[in-house]
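Here the structure is laid out as structure tokens; the discussion comes afterwards.
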Number of protein chains: 4
Amino acid sequence: MLPTGEPKFRRRKAERPDEIVEAALQVFAAKGFAAARLEDIAARAGVSKGALYLYFATKEELFHAVVEQAIAPNIQLVLGLIAGHPGPFADLVRGVAERMAAMVETTPVGGVAKMVIGEAQNFPALARVWHDELVGPALGAMAGAIAAAQARGEVRAGDPRAYALSLISPLLLGVIWRETFVPIGAEPFHLPRLARQHVETLLQGMLADKDPCA
Amino acid sequence: MLPTGEPKFRRRKAERPDEIVEAALQVFAAKGFAAARLEDIAARAGVSKGALYLYFATKEELFHAVVEQAIAPNIQLVLGLIAGHPGPFADLVRGVAERMAAMVETTPVGGVAKMVIGEAQNFPALARVWHDELVGPALGAMAGAIAAAQARGEVRAGDPRAYALSLISPLLLGVIWRETFVPIGAEPFHLPRLARQHVETLLQGMLADKDPCA
Amino acid sequence: MLPTGEPKFRRRKAERPDEIVEAALQVFAAKGFAAARLEDIAARAGVSKGALYLYFATKEELFHAVVEQAIAPNIQLVLGLIAGHPGPFADLVRGVAERMAAMVETTPVGGVAKMVIGEAQNFPALARVWHDELVGPALGAMAGAIAAAQARGEVRAGDPRAYALSLISPLLLGVIWRETFVPIGAEPFHLPRLARQHVETLLQGMLADKDPCA
Amino acid sequence: MLPTGEPKFRRRKAERPDEIVEAALQVFAAKGFAAARLEDIAARAGVSKGALYLYFATKEELFHAVVEQAIAPNIQLVLGLIAGHPGPFADLVRGVAERMAAMVETTPVGGVAKMVIGEAQNFPALARVWHDELVGPALGAMAGAIAAAQARGEVRAGDPRAYALSLISPLLLGVIWRETFVPIGAEPFHLPRLARQHVETLLQGMLADKDPCA
DNA sequence: TATGAATGAGTGTTCATTCAT
DNA sequence: AATGAATGAACACTCATTCAT
């Protein structure tokens, strides 16, 4: 009845699905798929349990939305970084590592990753989304960049895909460590530092004999 | 009428717990803790649901038994390898990596690890067992060996714990990859090869003998 | 097609708890706590098993609600009767006995009492509620009235608490008789008549006015 | 192989059923029928769970045996006391009350009674046994004695059965009190004293005007 | 659009009873 | 006669999903 003015308490509707997905992200990341209760998600989103079903047909569909929504903002970033890099290989690696370290520290991607790992067997579709849209392309792009650097003589011989995995795995394992063992009192890793030390050390072995310390 | 065949009651007190743990290992690794149904475990072990409770008081206790049974045979192996190594650091690393690669290829440790990662938040006791009995000691032993090598001037400066994580993470991530993405069609990694290439490459950067930045 | 009939969902939040407690009262009184099946209670209340848990967190909590609901309306009555009585002791006793006889004949208090007796060992909380809220205060109030009458010289010497128990026990035992033995064919007692005869007889011995032992 | 001598550890077999019934009595009295676990009974009797079934076909049959065994030794005592009493009514009542007070203090009859009350609805056969073999005859005998005393002019007019119940109910209620409320901290009654005060008081009202203080 | 009362299938756990030994 | 491993039916409780409002 008051169509004008600031609809202060009515910026609903359009934002609802996002609010729900955001709430679901928190709960799924914390509990995993099976142990997450729709009631908790609804409560955290400030809606009723029934309202969830206005936007998502099933729990699994909501889970999909969470995975896709948590991926989308981040994936293009890394891919673009790799694809568009002009300079020497070492700089590319350093840039990607730094960006990824920042990402895992500032976004809930770690929680989602843990959740995907834990539920992959029961919900293969999730593993497929995660693989096809995120880790597959990213690993492929990185391997491509490595192959190109090898072709240019910048990087020594060796399986590019294995090199790519070598480069990023401490960071990912650090995230898993944080999600899995830090809550029970294990000493955390400082992820940016871990990534930097790892990349610098590994580059020593990867780069061809032209001075890697440039 | 034949005296053999399927007797209803088998009376095999001695073998039963192992059979049950083995079955539970399969089901837990496949489904995770929450989604695993005791009924499935019982069926796979060839016993009734009730029989499970003759040996394990709760589902969680069974889970513990699985974790400890899958850990126990493997942990001392690696720790002993590290502790008892006399020779140069590079040889130690190569030996450990080779042994671990073999282990993850021949034992279900990967499935258990995935399960621990997925359920850690909901069952902290599991994460604690896994950390305190396996990854904690292993990481500590490795970091200790690295620090010793640094003291001997064999290895360059740098956080030993981060180096240790760097050394083993591609292997562990390869296992996670196998458990998570290979079932949906992703290309697997050849873990021994992956480990070897990684170790050789990383060692180049870790070892101090010849300064590559001359 | 008719708009009336049995709608699957009734949406009667307000009435439901009372309906459930009423149904639970019947089933608990008939079977005792352990043998009562939640499914029977739900069926009798015309709801699903799950609906019970919308109102009561556990079977025991439902049991508590039943006890308190069956107690609450009756307890103040008797206590008020005792506390507010002005006249001579004999009239008080007669009034209380009459009121209690009417109560046990018109309310399910007998069934609940039997249930409390039967389950007290396994569910001490129930015995505590019943004792603290009903029999304790009632016995105490009665003993207090007796002690006062003794102080006034109306009642002979003797333990007031034992006198109080003496006064009411035939009525209570009559209820237990009804709940326990009448269903298998035993001859019932007419409780008001039983109470009256007992009170009149016992009063002869309690009252001090005329020494019967001249 | 050693048929002679003291078979010190072999006075089995004949005593087994009694030992089992004795153990069952304890457990049933403590927990009630439904909550009593055959395993506990077996353990307390020092036999295996399976051995129970060599002597009793079902849990209910064992329950029956317990009731009958706990009754048998006590019933004839009271009945004989009443039947064979020659002297004045007051002495009979005093003797019976004293004997019963001793009985409830020294035997587990209280626990069994509580159990019968609690389980009567679910196992009417138990109530029947208890009624037909114990309380029915006892109440009848007492009522008969009262009627005879009335015929002799010793006792005033009134329903003999109601008088009988009046006489014994405080004692029985005291037992129920002990079983139900004392475990949660209620103050117990001293049963012999309670019975004595009650009987003396009630007799004042029951006895005809000839001096009751003789 | 939104609610939340209600459902009902599903699961961990218990325990009386059976039976090979 | 005795054991105790094994069974299987039963039950309390949970929670994703539905639907009258």
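So you know, we letter chains A, B, ... as the sequences are listed, proteins then strands, and number each from 1. The shown structure was predicted, so the numbers you read here are calculated from the model rather than taken from an experiment.
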Sorted by chain and number, sequence neighbours left out, side chain to side chain donor-acceptor pair (under 3.5 Å) with A:Glu68 holds for none
Practice item. For C:Ala36, answer base if it contacts any base atom (sugar-phosphate contacts may also be present), sugar-phosphate if it contacts only those atoms, and nothing otherwise; contact means non-hydrogen atoms under 4.0 Å. Key: sugar-phosphate
Ranking F:dA6, E:dT3, F:dA12 by distance to the side chain of C:Lys59, first place goes to F:dA12
Residues passing the salt bridge (charged side-chain N to carboxylate O under 4.0 Å, His left out) test with C:Arg44, sequence neighbours excluded, are none
Heavy-atom nearest pair, B:Ala120 first then A:Thr180, reads CB-CG2, 3.6 Å
Checking F:dT3, E:dT7, E:dA2 against the side chain of A:Leu54 (C-beta onward), the nearest is E:dA2
Strictly below 4.0 Å: does D:Lys49 bring a side-chain N or O up to OP1 or OP2 of F:dG4?
no
On DNA chain E, more 5' by nearest nucleotide between C:Ala51 and B:Glu39 is C:Ala51
Applying side-chain contact (heavy atoms from CB on, under 4.5 Å) to B:Lys59 and not counting sequence neighbours gives B:Phe28, B:Phe33, B:Leu38
Winner on side-chain proximity to A:Tyr55, out of E:dA2, E:dA6, E:dA16, is E:dA2
D:Asp40 atom CG is separated from E:dA16 atom C1', nearest whole Å, by 13 Å
Sequence neighbours excluded, the answer for side chain to side chain donor-acceptor pair (under 3.5 Å) partners of C:Glu61 is none
Of the listed F:dT3, E:dT13, E:dA16, the closest approach to the D:Arg37 side chain comes from E:dA16
To the nearest angstrom, the CD-P distance between B:Glu60 and E:dT11 comes to 19 Å
Treating D:Lys31 as the side-chain partner and C:Asn122 as the backbone partner, does any N or O pair qualify as donor plus acceptor under 3.5 Å? no
Here the distance between atom P of E:dT7 and atom OH of A:Tyr53, to the nearest Å, is 17 Å
Residues passing the side chain to side chain donor-acceptor pair (under 3.5 Å) test with C:Gln69, sequence neighbours excluded, are C:Asp18
Writing each nucleotide of DNA chain E 5' to 3' as (, ), [, ], | or . by Watson-Crick or G-U pairing under 3.5 Å yields .||||||||||||||||||||
Rounded to whole Å, the NZ-P distance (D:Lys31 to E:dT14) equals 14 Å
Whole-Å distance, D:Leu38 CG to F:dT3 P, equals 14 Å
Of the listed F:dA2, F:dT17, E:dT7, the closest approach to the C:Ser48 side chain comes from E:dT7
Taken to the nearest whole Å, CD1/C:Ile41 to C1'/F:dA12 is 11 Å
Rounded to whole Å, the CG-P distance (B:Leu52 to F:dG8) equals 14 Å
From CZ of B:Arg16 across to C1' of F:dT7 the rounded distance in Å is 11 Å
